[in-house]
Amino acid sequence: MKQSPSYFAIIGDPVSHSLSPAMHNAAFKSLKLPYAYGKIALAKRQLPSFFKGFAESGLLGINVTVPHKENVLKYLDRLSPEARLIGAVNTVQLSKGKLIGHNTDGAGYVKSLWSESKWKPSGKKIVILGAGGAARGIVTALSLAGAKEIIIANRTPKKASRLAQELRVKLKETKWLACSLEEADLLEAFERADLLVNTSSGGMQGNALPPLPLQALPKKALVADIVYRPAQTPLLKAAKAKKLKTQGGLGMLLHQGALAFEIWTGKKAPLAAMKRALNRALKDSASPR
Ligand code: ATR
């Protein structure tokens with residue numbers, strides 16, 4: 001029997017630690033919407049049958065996380081301009097029987113910069129650490145929001161150059177540069193940066209970033225990390241010690257979720273309820289089990 005379509009879910013592998021269900025279920029409850037949001041762990045080989053059964057499954061939309069943000073592209077009917085530019089999807093909407101892919105990661109990040117730090121990309125110079133999937137989404141959105149110059153600094157400089165070269169062709173309003181994580185390269189980049197964002201997995205779980213010349217950053221620069229667990233990453237601690245402004249990664253999770261919610265429901269996301277739920281879920285998941 002066909003179920004009435006009233007479900008949402010996050011797909012990924014793994015998904016057990018995702019905070020998205022707590023955030024979205026709180027939003028549905030807050031607006032009294034008859035929806036529920038769950039988690040579906042899917043290996044890559046399970047994607048064809050998952051998407052084949054999508055229309056009959058009762059799902060109205062999904063979020064997509066690691067490692068499927070690019071894997072899902074071939075199952076979708078259409079892509080938003082941003083998802084096409086980024087080449088990855090984190091939100092899928094079922095609309096009139098068609099699956100539409102969106103990417104709210106980057107735009108959510110730009111929103112979080114404004115709502116948490118009153119920081120706008122227009123005319124600014126930005127240094128991004130990392131050249132993977134997360135960096136790609138964020139720099140694309142920063143460029144679309146008017147960033148003047150973006151320097152992609154990566155442990156493997158060739159990967160940074162390749163990404164900068166690709167974006168130089170697609171997003172001509174921004175000046176794209178690439179460099180290594182060597183101190184001499186970073187010094188030059190940091191001296192003129194308005195924003196430093198760490199998107200690399202360096203700094204997580206004993207995977208240390210090399211020492212960064214934070215002293216070269218202008219005093220008013222904002223230092224941000226997209227990691228939210230822990231809230232105070234080694235980079236943010238070091239930046240605080242240098243009296244620089246800092247921003248953690250929870251706002252990105254909140255605002256990418258809020259944008260997905262708005263795509264799915266056409267309603268303004270209840271940000272306060274979503275943020276409360278995220279903080280609660282984060283606290284619960286940090287407690288010993
Ligand atoms: P994501 O989708 O989260 O961006 P990814 O595509 O695997 O993940 O990219 C991880 C990024 O973190 C890469 O830029 C990686 O650098 P390399 O291209 O040199 O591999 C970066 N990274 C991982 N560990 C790092 C470390 N210890 N120091 C610096 N950069 C690191």
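Each ligand, and each atom within it, is numbered from 1 in the order the structure gives.
Cation-pi geometry between Lys170 and Trp176 is not satisfied (NZ or CZ under 6.0 Å from the ring centre, within 45° of the ring normal).
For the 3.5 Å distance criterion, the side chains of Lys98 and Gln93 fail to qualify, holding no donor opposite an acceptor. In this model, no donor atom of one side chain and acceptor atom of the other lie less than 3.5 Å apart for Arg162 and Gln165.
Tyr75 and Phe54 have their aromatic ring centers separated by at least 6.0 angstrom.
Between Glu149 and Lys124 there is no salt bridge, since no side-chain nitrogen of the basic residue lies less than 4.0 Å from a carboxylate oxygen of the acidic one.
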Contact table, ligand 1 N/O with protein N/O, distance under 3.5 Å:
{"from": "ligand 1", "atom 1": "2 (O)", "to": "Gly133", "atom 2": "N", "distance (Å)": "3.4"}
{"from": "ligand 1", "atom 1": "4 (O)", "to": "Gly133", "atom 2": "N", "distance (Å)": "3.2"}
{"from": "ligand 1", "atom 1": "4 (O)", "to": "Ala134", "atom 2": "N", "distance (Å)": "3.0"}
{"from": "ligand 1", "atom 1": "6 (O)", "to": "Gly133", "atom 2": "N", "distance (Å)": "3.3"}
{"from": "ligand 1", "atom 1": "12 (O)", "to": "Ser201", "atom 2": "N", "distance (Å)": "3.1"}
{"from": "ligand 1", "atom 1": "12 (O)", "to": "Ser201", "atom 2": "OG", "distance (Å)": "3.3"}
{"from": "ligand 1", "atom 1": "14 (O)", "to": "Ala131", "atom 2": "N", "distance (Å)": "2.9"}
{"from": "ligand 1", "atom 1": "14 (O)", "to": "Asn154", "atom 2": "OD1", "distance (Å)": "2.7"}
{"from": "ligand 1", "atom 1": "16 (O)", "to": "Asn154", "atom 2": "OD1", "distance (Å)": "3.2"}
{"from": "ligand 1", "atom 1": "18 (O)", "to": "Asn154", "atom 2": "ND2", "distance (Å)": "2.8"}
{"from": "ligand 1", "atom 1": "18 (O)", "to": "Lys159", "atom 2": "NZ", "distance (Å)": "3.0"}
{"from": "ligand 1", "atom 1": "19 (O)", "to": "Arg155", "atom 2": "NE", "distance (Å)": "3.1"}
{"from": "ligand 1", "atom 1": "19 (O)", "to": "Thr156", "atom 2": "N", "distance (Å)": "3.0"}
{"from": "ligand 1", "atom 1": "19 (O)", "to": "Thr156", "atom 2": "OG1", "distance (Å)": "2.5"}
{"from": "ligand 1", "atom 1": "20 (O)", "to": "Arg155", "atom 2": "NH2", "distance (Å)": "2.9"}
{"from": "ligand 1", "atom 1": "24 (N)", "to": "Arg155", "atom 2": "NH1", "distance (Å)": "3.4"}
{"from": "ligand 1", "atom 1": "24 (N)", "to": "Asn207", "atom 2": "ND2", "distance (Å)": "3.0"}
{"from": "ligand 1", "atom 1": "27 (N)", "to": "Asn207", "atom 2": "OD1", "distance (Å)": "2.5"}
{"from": "ligand 1", "atom 1": "27 (N)", "to": "Ala208", "atom 2": "O", "distance (Å)": "3.1"}

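With rounding to the nearest 0.5 angstrom, the NZ atom of Lys283 is 9.5 Å from the CZ atom of Arg280.
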